[in-house]
Undergrad: 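Sharing a structure, written as structure tokens. Questions coming.
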2 protein chains.
Amino acid sequence: MTSVLVCDDSPLAREALRRAVATVPGVERVTTAANGEEVLRRWGADRSDLILMDVRMPGLGGVETVRRLLSADPGARIIMLTVAEDLDGVALAVAAGARGYLHKDASRAELRATVTQALADPTWRLAPRRLRSTEMGAAPTLTAREIQVLEGMSHGRSNAEIGRELFLSEDTVKTHARRLFKKLGASDRAHAVALGFRWGLVR
Amino acid sequence: MTSVLVCDDSPLAREALRRAVATVPGVERVTTAANGEEVLRRWGADRSDLILMDVRMPGLGGVETVRRLLSADPGARIIMLTVAEDLDGVALAVAAGARGYLHKDASRAELRATVTQALADPTWRLAPRRLRSTEMGAAPTLTAREIQVLEGMSHGRSNAEIGRELFLSEDTVKTHARRLFKKLGASDRAHAVALGFRWGLVR
DNA sequence: ACGACGGTCACCCGAAAGAGTTACGGGGGC
DNA sequence: GCCCCCGTAACTCTTTCGGGTGACCGTCGT
């Protein structure tokens, strides 16, 4: 029974990853965890053949989780997931024994190819490479204006206030708002702000 | 020149901590960092006498940062900051060499006392203790109902929908909403959701 | 050259939201 | 005993939001 464990603190990314991994031929079970602690806690009772784990997670970070997991089970196969910003974290994780890494904006095909290969060859290690594309669990791409409007919302400003701040008419702000709602799948500004935080688009 | 470094990924908590620490007699400089990487990067050029660091941070977690910091500089004095939920992280950090820890809802007075003592005595270690109170940079205390309402907002639900979900009238939901706005200092629901994320009240 | 997309703005309209106020019962603290 | 906070609920009133639609212009890619 081939099983894969997906670990990411972002619920949206986690779901997207789970769905993507589930389509890989041969994978019969995909479990998920929200943080490193959860992975370690469950590893004793429930070992997977492969772990996909985010580098940046609250609590026990991905790097430390890799260390502790490998000291408990040197045979564990782990692939780190990362965004462009924390390449050093990836380097640490690979140094600690992770088999490779994937950028979060890797295409679904690249993700599947990597998972397939890692499952097929127990000794496989990823030759470092950079990936692009906009598939998988990548955050929706907002334009600069849309992010400015979203940030305004996250600071509690009304459309009119955002407009004054950005030297735009309120109607224009509303247009940007409507467009970013659609991209994010948000039903209102509160939802949009929440999704912005969950996707890491705003802080 | 006595200097203290405050490290927390939450901007609000960071500012609150910075202000609190700055009032400690003898402290002449307070610098801040948003994550472990930043602390490590700057440690070579700019060493502080004491570090206050959050346990849970994105990227390099507090525990791992303690390890790497102490392996680079065994004399570094570090106090971990934590919320009630990650006591294991604290245990790890203390095991790794942190001098002690403070709950984030410790009173400002307790924070100052701890910092004063840690600065005065280079060998000081905190005897484990639990603290309470609502001073310092603690997140506003929302009631269970208020958090439920805030979570509903973060999922894009209207007041009426939240009411149906929680078996409350829409008017009651609006009352909870108004009260949580006031506690958080939010001007509308989008702002409240943003503050909820920044304070770590919702995910 | 054409179309898709992004940035700008406008108008209409119904549905929400938010502020203000009142109220009543229960619990905890002083 | 009293007061403050919480949970519940209702009422009114004004503002804002969000959807729908249409429009003009510039850019980029094909």
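Protein chains get the first letters and strands the later ones, always in sequence-line order, with residue 1 at the start of each.
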Undergrad: I need the single residue from B/E146, B/M153, B/R145 that forms a side chain to side chain contact (heavy atoms under 4.5 Å, CB included) with B/V149. Which is it?
TA: B/M153

Undergrad: Heavy atoms within less than 4.0 Å of DNA chain C: which residues of residues 148-169 of chain B have one? Give them sorted by number.
TA: B/S158, B/N159

Undergrad: Taking NE2 from A/H191 and C1' from C/dA17, how many angstroms apart are they, rounded to a whole number?
TA: 18 Å

Undergrad: What is the nucleic acid contact for B/R145, judged by heavy atoms within less than 4.0 Å: base, sugar-phosphate only, or nothing?
TA: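 The residue B/R145 makes sugar-phosphate contact but no base contact.
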
Undergrad: Heavy atoms only: give me the nearest B/F197-B/S154 pair and the separation to one decimal.
TA: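 Taking B/F197 first and B/S154 second, the nearest heavy atoms are CE1-CB, 4.5 Å.
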
Undergrad: Just N and O in the side chain of B/R178: are any of them under 4.0 Å from OP1 or OP2 of C/dG20?
TA: no

Undergrad: May I ask you to say whether A/E38 pairs ionically with A/R42, meaning some side-chain N is under 4.0 Å from a carboxylate O?
TA: yes

Undergrad: Take atom NZ of B/K182 and atom P of D/dC6, then tell me their distance rounded to the nearest Å.
TA: 13 Å

Undergrad: Indicate the atoms forming the closest heavy-atom contact of A/A192 with A/L180, along with that distance.
TA: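 Distance-wise, the nearest heavy atoms are CB-CD1, 4.0 Å.
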
Undergrad: Between D/dG18, C/dC11, C/dG20, which nucleotide has the shortest distance from any of its atoms to the side chain of A/F181?
TA: D/dG18

Undergrad: At under 4.0 Å between heavy atoms, what does A/R179 touch on the DNA or RNA strands: base, sugar-phosphate, or nothing?
TA: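 Result for A/R179 = base.
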
Undergrad: Once you round it to whole Å, what is the distance between C1' of C/dG7 and CD of A/E146?
TA: 10 Å

Undergrad: Both B/K183 and B/D188 contact DNA chain D. Taking the nearest nucleotide for each, which residue is further toward the 5' end?
TA: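 Nearest-nucleotide comparison on DNA chain D picks B/K183.
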
Undergrad: I need the NZ-C1' distance between B/K174 and C/dG20, as an integer number of Å.
TA: 12 Å

Undergrad: Take A/L69 and A/I51 through the test side-chain contact (heavy atoms from CB on, under 4.5 Å) and record every step on the way to the result.
TA: CA-CA 11 Å; A/L69 206 49; A/I51 300 176; 3.3 Å; yes

Undergrad: Phosphate oxygens OP1/OP2 of C/dG6: is one of them under 4.0 Å from a side-chain N or O of A/H176?
TA: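 Checking C/dG6 against A/H176, no side-chain N or O comes under 4.0 Å of OP1 or OP2.
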
Undergrad: Just how far, in rounded Å, is P of D/dT12 from CD of B/E170?
TA: 14 Å

Undergrad: I need the CG-C1' distance between B/L142 and D/dG7, as an integer number of Å.
TA: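 Taking CG of B/L142 and C1' of D/dG7, I get 15 Å after rounding.
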
Undergrad: Find the distance between CE (B/M1) and CG (B/D49) and round it off to the nearest 0.5 Å.
TA: 9.5 Å

Undergrad: When you check the phosphate oxygens OP1 and OP2 of D/dT8, does a side-chain N or O of B/T172 lie under 4.0 Å from one of them?
TA: no

Undergrad: Starting from C1' on C/dA10, measure out to CG on A/D171 and report it in whole angstrom.
TA: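 Checked: the CG to C1' distance equals 5 Å.
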
Undergrad: Taking atom types as they are modelled, would you say the side chain of A/T175 forms a donor-acceptor pair with the base of C/dC9 within the 3.5 Å cutoff?
TA: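 Yes.
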
Undergrad: Please round to the nearest 0.5 Å and tell me the distance separating atom CZ of B/R189 and atom OG of B/S158.
TA: 7.5 Å

Undergrad: Need one value for B/T143: base, sugar-phosphate or nothing, where a base atom within 4.0 Å counts as base even if backbone is also close, heavy atoms only.
TA: sugar-phosphate

